[in-house]
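See structure below.
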2 protein chains.
Amino acid sequence: MRARQTRTAVLGALSIQPMTGYALREAIRETLGHFWSESFGQIYPTLAELEQEGLVERRGGTRTGSSAFALTSAGRAHLRTLLAEPPQADPPRNGVLLRLFFGRALGPEACAELVQDARDRAERQLAGLATERTDTDHTEHADDSPYWLLTISAGEHAARATIAWADEALATLATLAADGHGHDGEPPTSTKETP
Amino acid sequence: MRARQTRTAVLGALSIQPMTGYALREAIRETLGHFWSESFGQIYPTLAELEQEGLVERRGGTRTGSSAFALTSAGRAHLRTLLAEPPQADPPRNGVLLRLFFGRALGPEACAELVQDARDRAERQLAGLATERTDTDHTEHADDSPYWLLTISAGEHAARATIAWADEALATLATLAADGHGHDGEPPTSTKETP
DNA sequence: TGACTCATGTAAGGCGTTACATGATTTT
DNA sequence: AAAATCATGTAACGCCTTACATGAGTCA
């Protein structure tokens with residue numbers, strides 16, 4: 001069986017603040033974005049379910065007249081239950097490492113590009129997390145912010161680890177390339193020696 | 001659209017060595033396990049597809065009489081194409097961080113358990129990677145091993161980052177707990193001062 | 001012989017994304 | 001008035017896992 005953690009994310013987000021489905025998605029993208037994601041196709045059916053079970057209710061209204069969803073007390077209790085359940089780790093799938101593992105067929109240069117891209121992404125993420133960190137420092141939710149900072153810190157550690165690894169890997173790949181390992185099937189380039 | 005990277009994993013694994021479907025799964029679990037996973041339900045249909053497209057072929061036979069799958073030259077070419085395609089990163093979903101983000105409703109102690117579990121997992125992974133590393137050093141596939149070591153190194157960096165983060169997080173959570181933040185709804189414990 | 005491993009598949013179903021459809025409200 | 005954004009959904013489809021079904025060979 002797979003995740004079923006969408007409810008946790010939705011109830012959790014609504015526990016911070018009542019929101020419309022649309023705002024919920026934005027909040028998940030922007031605030032949980034570095035470790036979680038949900039799509040409309042998940043959010044709306046889940047909200048409908050939760051409403052029928054009496055875990056959330058509509059409260060009018062935003063400026064447009066549409067209604068925001070808020071946790072009921074049953075919903076708040078259910079959230080605590082869900083949070084206490086052991087986290088389901090979905091099986092690892094890292095496309096970069098998959099390619100790198102078979103990197104011999106690709107050649108050191110193409111692999112280096114792959115690694116450099118990963119490094120760039122990590123660098124951008126680090127920058128994004130820095131902004132989030134200052135945002136969190138200025139938030140009004142003082143009781144929540146220590147926990148939020150924990151998740152930001154996790155992202156930062158992971159990103160810095162990626163960068164450090166990438167630098168090592170790029171060095172390794174450079175020496176591989178210099179030693180004349182072309183991609184699979186290519187004859188070694190004859191390094192002409194100076195007379 | 002989602003992954004479609006099963007073919008890459010299957011063709012890649014067969015590029016190292018011809019195998020039966022069963023052995024393929026074992027190989028993916030044991031060797032790619034720390035960054036990739038496939039289930040039987042994916043592997044066999046994929047093998048059937050690839051065979052029909054002439055990218056792999058059956059060659060007899062293991063000791064049991066059943067036949068191993070091997071790459072054709074078309075298959076080898078196709079693998080290079082697939083490897084050159086940009087890696088699809090599937091959206092992040094970290095159950096631990098999801099729970100931690102809403103950790104206020106859970107309380108510092110329960111959160112600390114969560115983090116400690118994550119730390120333990122990382123520690124075990126680090127140990128596993130150490131064995132893999134020595135295995136890889138002794139492999140006959142000298143041309144492949146530099147790339148394999150790159151993926152192992154990535155895992156080690158990630159695991160060490162998790163451990164470092166966990167230690168920080170545990171310290172933070174300890175002070176939160178000491179400051180008397182029980183879980184959501186619980187009154188703060190009155191710390192009696194010594195006269 | 002019975003239990004275990006190797007080996008190959010199929011079926012059902014959950015999870016999740018993308019694309020489509022629709023309309024109100026706000027901004028330019 | 002047109003464009004952009006906010007807002008709510010549905011439908012189709014793909015990916016992937018789990019469980020089931022089956023059988024051959026191996027070892028105690």
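All values derive from a computational prediction rather than experimental measurement. In what follows, chains are A, B, ... by sequence order, proteins preceding strands, each numbered from 1.
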Q: For residues A:Glu109 and A:Ala177, report the shortest heavy-atom separation together with the two atoms involved.
A: OE2-CB, 3.9 Å

Q) For the residue pair B:Met19 and B:Ala27, what are the closest heavy atoms and their distance? A)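 Nearest pair, atom of B:Met19 first, then B:Ala27: SD-CB, 3.8 Å.
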
Q.
Less than 4.5 Å apart, side chain to side chain, heavy atoms only: is that true for B:Leu47 and B:Leu24?
A.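 Yes; the side chains approach each other to less than 4.5 Å.
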
Rounded to whole angstroms, how far apart are [atom1] on [X] and [atom2] on [N]?
X	N	atom1	atom2	result
B:Tyr44	C:dC6	OH	P	11 Å
B:Phe40	C:dA12	CZ	C1'	18 Å
B:Gln88	C:dG16	CD	C1'	15 Å
B:Arg4	C:dG16	CZ	C1'	17 Å
B:Arg93	D:dC15	CZ	P	17 Å
B:Arg29	D:dT17	CZ	P	13 Å
B:Arg25	C:dG9	CZ	P	15 Å
A:Leu24	D:dT8	CG	P	10 Å

Indicate, with a heavy-atom threshold strictly under 4.0 Å, whether [X] touches base, sugar-phosphate, or nothing.
X	result
B:Arg7	nothing
A:Thr46	nothing
A:Gly21	sugar-phosphate

Q.
I want to confirm an ordering. Mapping A:Ser39 and B:Arg58 to their closest nucleotides on DNA chain C, which one lands closer to the 5' end?
A.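 Whichever sits nearer the 5' end wins; that is B:Arg58.
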
**Q.** Given DNA chain C, 5'-ward residue of the pair B:Pro45 and B:Glu26, judged by closest heavy atom
**A.** B:Glu26

(Q) So if I take every side-chain heavy atom of B:Thr20 and compare against C:dC15, C:dA7, D:dC16, which nucleotide ends up nearest? (A) C:dA7

Q: For A:Arg25, enumerate each residue passing the salt bridge (charged side-chain N to carboxylate O under 4.0 Å, His left out) test, keeping only those at least two apart in sequence or located in another chain.
A: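 Residues passing salt bridge (charged side-chain N to carboxylate O under 4.0 Å, His left out) with A:Arg25: none at all.
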
On the nucleotide [N], are OP1 or OP2 found under 4.0 Å from the side-chain N or O atoms that [X] carries?
X	N	result
A:Ser37	C:dT17	yes
B:Tyr22	C:dT8	no
B:Thr6	D:dC15	no

Q. Are B:Arg7 and B:Glu38 close enough for a salt bridge, meaning some N to O gap below 4.0 Å?
A. no

